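The structure under discussion appears below in the form of structure tokens.
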Amino acid sequence: MVYNRRPNNDSRKRFEFFMKNTLQALIAQAVEALRADGTLPPDADPAIQIERTRDPSHGDLACNVAMLLAKPAKTKPRDLAEKIVAALPADANVTRVEIAGPGFINFFLSQDAFHAVIPQILEAGEAYGHSTVGNDQRVQVEFVSANPTGPLHVGHGRGAAYGAAVADLLAAAGFAVHREYYVNDAGRQMDILAASVWLRYLELAGEELAFPANGYKGDYVWDIAATLHREHGDRFRHPWATISAELPADEPQGGDKELYIDALIARARDLLGEDEYRFVFDSGLNHILDDIRDDLAQFGIAYEEWFSERSLTESGAVDKALQRLKDSGHTYEKEGALWFRSADFGDEKDRVLVRDNGQTTYFASDIAYHMDKLERGFDRVIDVWGADHHGYVPRVRAALKALGDNPEKLDVLLVQFAILYRGGEKLQMSTRSGEFVTLRQLRKEVGSDAARFFYVMRKCEQHMDFDLDLAKSESKDNPIYYIQYAHARVCSALRKLEEKGWQYEQGKALQQLGLLTTDHELSLLTSLSRYPEVIEAAALAHEPHQLCHYLRELANDFHTYYNEHKILVDDAPLRNARLALSLATRQVIANGLGLLGVSAPESM
RNA sequence: GCGCCCGUAGCUCAGCUGGAUAGAGUAUCGGUCUCCGACACCGAAGGUCACAGGUUCGAAUCCUGUCGGGCGCGCCA
């Protein structure tokens with residue numbers, strides 16, 4: 001991905017729509033003048049906001065400063081607006097200033113002010129829309145982090161698409177982004193996977209046995225077991241009679257499936273020995289992790305780091321975190337377990353760090369992990385979690401507080417599940433039965449582009465209906481198709497240009513931008529100039545859906561324009577100007593889709 | 001029961017740190033190809049912003065309460 005490549009510092013900032021800054025400066029001068037003559041009190045120093053108007057009759061840009069200052073000035077907003085306008089210095093790009101509504105100051109801009117965006121885009125290329133607001137702050141974005149106990153399913157897919165888009169947006173906004181996957185390669189769930197693999201292996205080796213109720217029953221477990229059996233024969237084989245001797249009853253026999261699987265794991269460790277057990281364990285872990293890596297890579301997602309939970313135990317980081325909590329007096333022992341006084345730091349209740357059997361909990365590792373993140377010097381840490389984990393947020397914050405770290409550095413972004421629909425019917429999904437729609441299956445069905453786009457089209461905390469038929473459809477109903485088609489249309493026009501034996505001459509084209517005067521052209525130019533603002537807003541708010549909506553609107557502006565005006569006209573200067581506008585549009589669409597991990601095809 | 005998230009057009013969703021007449025898409029109805037890909041464009045119609053109060057120049061947006069939906073409340077991860 002190209003989005004970590006940063007353009008030159010000196011060339012970045014100016015891609016923002018310069019008129020906003022210009023008007024801000026003009027208003028500031030006017031306010032200063034009114035302070036000097038006593039119209040405004042000396043301490044009047046408002047945040048001057050310039051916003052884009054929704055209605056063209058309100059001009060191009062508007063300022064609400066008169067309404068903000070009306071009270072301190074003890075003047076009616078409209079009267080104050082008049083005085084501000086009277087004190088406003090002239091500017092060549094501003095053709096008209098009006099006062100409207102409750103006291104808005106509306107600015108009408110010259111066409112030249114809009115044309116300027118074309119050379120900006122064409123010169124900046126892939127970097128158009130990048131900014132420096134992030135100021136090279138180091139941000140770590142942790143996302144997906146699914147347990148490697150099975151393939152990624154469609155729930156993980158949304159977190160993947162969302163996390164990747166947020167990371168890429170932040171990079172474009174000038175943050176130094178570190179993408180990370182936290183690999184839960186320790187803990188009970190992984191032991192259950194290891195036991196499941198081992199039992200399937202034993203079945204392949206010829207043992208007749210009862211598979212545990214709580215084991216992983218997916219077909220991929222058979223695959224792992226088959227590899228193990230093929231490569232190692234009977235190396236890990238033990239008679240089922242020996243294994244099952246004196247184990248507690250499993251659920252179907254009226255026992256507790258949790259107790260049973262734990263006893264089975266203990267038996268496996270005992271019979272295999274720690275090294276051989278670890279071998280079986282790792283064969284499962286590595287197989288699934290490879291699958292996840294491959295799956296995400298094909299989904300266009302790359303990480304800077306895959307962080308191992310086990311490494312936290314092995315490096316002593318977990319012990320260190322526990323020791324710090326103990327030393328600071330935030331723990332106590334009860335019923336043989338070590339508890340953290342998280343309720344003292346905003347959590348609902350206290351939490352266990354070390355179980356009475358001596359094992360540390362997942363929470364203990366997670367404290368160590370977050371401590372490690374902050375020790376690595378990140379200015380901000382973002383966790384993307386499934387919304388069903390929201391109850392977990394207060395305890396992690398509590399731990400950071402107790403450790404004396406700043407919990408404000410942590411943002412937890414919760415992603416709701418997506419519900420898939422096909423043929424108007426809701427697809428049932430259940431991880432329990434081992435029958436679920438995997439991310440792989442989804443990608444295969446609708447393609448990576450549509451999946452990436454659909455996943456981030458909605459606000460992350462919004463429940464989402466994912467319409468598979470729509471994602472596959474090849475028409476304007478499908479937003480991804482619609483946007484990509486706008487890009488392809490420009491490419492098509494360029495091919496046509498070549499067929500006609502004409503050439504696009506950019507140097508000349510940029511001299512002819514004054515010929516772009518129609519409403520459609522100006523509105524397209526306005527949309528193009530908004531792009532950097534959209535990227536900045538979407539990045540800071542962690543809301544890629546803003547970019548999705550923008551791209552659809554931009555595509556609409558282009559299609560409308562394209563339908564209404566011929567690009568490849570005989571008049572060469574006009575043709576060049578229109579091609580320049582089209583190429584700028586193509587660039588912005590490609591940039592925007594790129595940030596979302598979606599391709600921009602030249603034809604489709 | 002407690003906590004978090006959500007409630008905007010028939011449906012799926014936007015609505016920028018409170019700002020001007022609440023917007024798109026889709027569905028419905030009606031237009032547009034001798035012309036760069038109609039894989040497209042245009043128009044019409046469609047809303048008590050769940051409900052009730054409050055804050056102020058101004059509230060879909062902020063606060064409180066009620067109703068409705070989702071999720072979470074393990075010595076699981």
Side-chain angles (χ1 to χ4, degrees), chain A residues 47 49 51-55 57-58 62 64 67-68 70-71 76-77 100-104 106 145-147 149 184 186-190 192 258 309 334-339 348-349 351-357 359-363 365-366 386-394 414 416-417 421 457-459 461-467 470 473-479 481-482 484-486 488-497 499-500 533-534 537-538 540-541 543 545-546 548-550 552-553 555-556 558-569 575 578-579 582 603-604:
Chain A
Q49 304 167 32
E51 50 189 33
R52 290 176 182 272
T53 57
R54 239 175 277 169
D55 185 336
S57 72
H58 296 145
N64 66 349
M67 281 127 80
L68 295 175
K71 191 172 273 184
K76 287 181 196 162
F104 286 102
N106 293 338
S145 299
N147 283 345
T149 53
N184 297 119
R188 184 163 170 269
Q189 294 304 319
M190 287 307 298
I192 294 175
E258 306 288 352
E309 177 187 0
K334 189 178 87 179
E335 294 164 9
L338 181 71
W339 294 70
E348 288 177 353
K349 51 192 266 191
R351 309 289 174 178
V352 171
L353 296 169
V354 183
R355 295 200 264 160
D356 59 7
N357 66 6
Q359 286 188 317
T360 54
T361 58
Y362 173 85
F363 180 42
S365 303
D366 225 16
D388 53 337
H389 287 65
H390 67 79
Y392 201 77
V393 178
L414 300 169
Q416 291 284 354
F417 278 121
Y421 286 83
M457 204 162 51
R458 307 295 179 221
K459 263 193 307 216
E461 69 264 31
Q462 190 75 254
H463 295 102
M464 169 174 98
D465 291 343
F466 192 127
D467 185 339
L470 181 61
S473 94
E474 301 188 351
S475 76
K476 60 163 295 193
D477 307 354
N478 182 353
Y481 213 80
Y482 182 81
Q484 287 180 321
Y485 178 49
R489 258 185 151 174
V490 178
C491 298
S492 174
L494 287 178
R495 288 191 294 268
K496 200 79 186 176
L497 180 80
E499 280 175 30
K500 294 200 174 203
E533 296 164 22
V534 172
L540 296 179
E543 291 185 346
H545 77 273
Q546 290 190 31
C548 295
H549 285 274
Y550 167 82
R552 220 212 66 82
E553 286 161 21
N556 180 28
F558 181 74
H559 285 309
T560 299
Y561 172 52
Y562 194 87
N563 252 50
E564 193 65 27
H565 302 285
K566 196 167 165 115
I567 308 294
L568 302 179
V569 290
R575 184 173 71 233
R578 288 182 169 174
L579 277 167
S582 302
S603 66
M604 43 202 294

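Since the structure is predicted, the reported quantities are computational estimates derived from the model, not experimental observations.
For A/H58, the listed nucleotide lying nearest its side chain is B/A20; candidates were B/A20, B/C5, B/G25. Proximity note for A/T560 (side chain, C-beta onward) versus B/C16, B/C42, B/C75: the nearest is B/C42. Proximity note for A/K349 (side chain, C-beta onward) versus B/G74, B/C6, B/A77: the nearest is B/G74.
A/Y482 pairs by the side chain to side chain contact (heavy atoms under 4.5 Å, CB included) definition with A/K476, A/R552, A/A555, A/N556, A/H559, not counting sequence neighbours.
The phosphate of B/G15 (OP1 or OP2) has a side-chain N or O of A/K459 nearer than 4.0 angstrom. For the pair A/Q49 and B/C16, the criterion of a side-chain N or O lying under 4.0 Å from OP1 or OP2 is not met.
Within the nucleic acid shown, A/E335 comes within 4.0 Å of at least one base atom, counting heavy atoms only. Among the atoms of the strands shown, none is found under 4.0 Å from any heavy atom of A/K76. Within 4.0 Å of A/M604, counting heavy atoms only, lies at least one base atom of the nucleic acid. As judged by a 4.0 angstrom heavy-atom cut-off over every strand, A/A486 is placed among residues making no nucleic acid contact. The residue A/Y562 sits close to a base: some heavy atom pair falls under 4.0 Å. Within the nucleic acid shown, A/N147 comes within 4.0 Å of sugar-phosphate atoms alone, with no base atom in reach, counting heavy atoms only.
Nearer to the 5' terminus of RNA chain B, by closest-nucleotide assignment, is the contact made by A/D477 (compared with the other of A/I567 and A/D477). Of the two residues contacting RNA chain B, namely A/A186 and A/A387, the nearest-nucleotide position lying further toward the 5' end is that of A/A387.
Contact annotation: side chain of A/N106 to base of B/A20, donor-acceptor pair present below 3.5 Å.
Here the SG-NZ distance, from A/C491 to A/K496, works out to 15.0 Å after rounding to the nearest 0.5 Å.
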